[in-house]
Amino acid sequence: MSHSVVVGIDGSSESAAAAEWAAREAHRNGLALRMVLVAGGEVDALDRDLGGGSALPGPVVAIRDRIAAELPGLEVSCETVPGNPAYALAATARRAAVLVLGSRGLGGFADLLVGSVGLRAAAHAHGPVVLVRAGSDAGTGTAGPAAEPGPVVVGVEGDRPCDAVLAFAFRHAAGTGAALKVMESRDTFRGPYTTAAPVEQREIGESLAVAEQVRLQDALTRWQDEFPEVRTEVEVCAWSASRMLVEASRTASLTVLGRRAPRHPVVGPRLGPVAQSVLHHAHGPVAVVPHD
């Protein structure tokens, strides 16, 4: 059972935004917040228990103390671990509910959105990874934005949307009071089509689009029964999946997408082209959820 939210921290404003997002997530779900600073090389065993904060950089201490003051009921811990940042964070968060990372940072977190720590951690983590960009809704303090949150956007594919991805999206929407927008990219109704009846191509395309939306809505029935409080909207879009999700992220409080686990043991974990594109270009927080 998961008892914590893990956040990578390095003292930068980007990691502060990630810590604020993680703190709200932990507080909302009654979980502990575990802040992790990755240091290259070996870390003396005596320096790993950093409850007093003496071995932590000043900016990290400031972030930790601010969160603890703003959310006094939240259990907050901070620790330093050795190793490669991406793999150390993924390993540390192995039993966590979610791993949260800032979109850019100092040292090991530099250039997160162009292929280093964030992409590797998202590809290797055993659970969901949320990547938070400073200046998004996460950067508003632990109290969160005062306005109603934007929708949680989740991208699905196929006739049977992935349970793990939908479960994460529905739970987050339910916990934050956000609406949920379920989106699928389909180009099957572009045409041209040949019919015996004199029907315009536009009408055929519109009818097929409606049929796809009904099919997707039917696939969500059991999730809507489990989370009746979540306002749900479905959209089938002719755009590519990456363009669809990047555009939707402009107003979303969180964009959720899946990462398929490799089926062959020789094939290592990786992110697909859609996930990489969305992580590079999204306008707000993005959650990557692994699934079979």
Side-chain angles (χ1 to χ4, degrees), residues 4-28 32-40 50 53-72 74 76-81 84-86 88-90 92-93 96 98-122 125 128-147 149-150 172 176 246 249-255 278-288:
S4 66
V5 172
V6 172
V7 59
I9 189 79
D10 62 8
S12 67
S13 60
E14 291 80 7
S15 72
E20 290 164 3
W21 195 99
R24 295 201 304 270
E25 182 74 4
H27 187 260
R28 188 167 50 241
L33 177 65
R34 188 178 176 192
M35 301 170 65
V36 177
L37 173 66
V38 180
L50 299 172
S54 59
L56 290 172
V60 172
V61 173
I63 294 169
R64 182 200 63 188
D65 291 350
R66 184 176 70 249
I67 289 174
E70 292 178 356
L71 296 172
L74 178 65
V76 182
S77 64
C78 199
E79 63 192 277
T80 301
V81 298
N84 175 284
L89 287 165
T92 302
V98 63
L99 169 63
V100 185
L101 300 173
S103 66
R104 291 189 186 277
L106 304 171
F109 291 104
D111 298 326
L112 182 75
L113 292 187
V114 292
S116 60
V117 176
L119 296 183
R120 292 194 190 102
V129 177
V130 175
L131 296 106
V132 178
R133 176 176 296 187
S136 67
D137 75 324
T140 56
T142 51
H172 188 80
T176 59
V246 168
S249 75
R250 292 181 183 274
T251 58
S253 58
L254 180 67
T255 302
V278 174
L279 289 173
H280 277 286
H281 302 293
H283 300 274
V286 178
V288 180

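Given the structure is predicted, the values throughout are model-derived calculations rather than measurements.
Applying the side-chain contact (heavy atoms from CB on, under 4.5 Å) test between M35 and each of V100, L56, I63 identifies I63 as the sole match. Just one residue in the list T80, V7, I9, T92 forms a side-chain contact (heavy atoms from CB on, under 4.5 Å) with V36, and that residue is T92.
When all heavy atoms of V38 and P85 are compared, the pair lying nearest together is CG1-CA, 3.6 Å. Between G8 and L89, the shortest heavy-atom distance links the atoms CA-CD2, 3.9 Å. Closest heavy-atom contact between N84 and A86: OD1-N, 3.0 Å. Minimum interatomic distance between A26 and A32 (heavy atoms only, all atoms of both residues): CB-O, 3.9 Å.
We find the CZ-CG distance between R24 and L33 to be 12.0 Å, quoted to the nearest 0.5 Å. Note that CG of L99 and CG of L131 are 8.0 Å apart. Values are rounded to the nearest 0.5 Å. Note that CZ of R250 is 11.5 Å distant from OG1 of T255, once rounded to the nearest 0.5 Å. In this structure, R28 CZ and L74 CG are separated by 11.5 Å, a value rounded to the nearest 0.5 Å. Rounded to the nearest 0.5 angstrom, E20 CD and E70 CD are separated by 7.0 Å.
Side-chain contact between P57 and L37 is present, with at least one heavy-atom pair separated by less than 4.5 Å.
Formation of a donor-acceptor pair under 3.5 Å by the S249 side chain with backbone atoms of H283 is found in this model.
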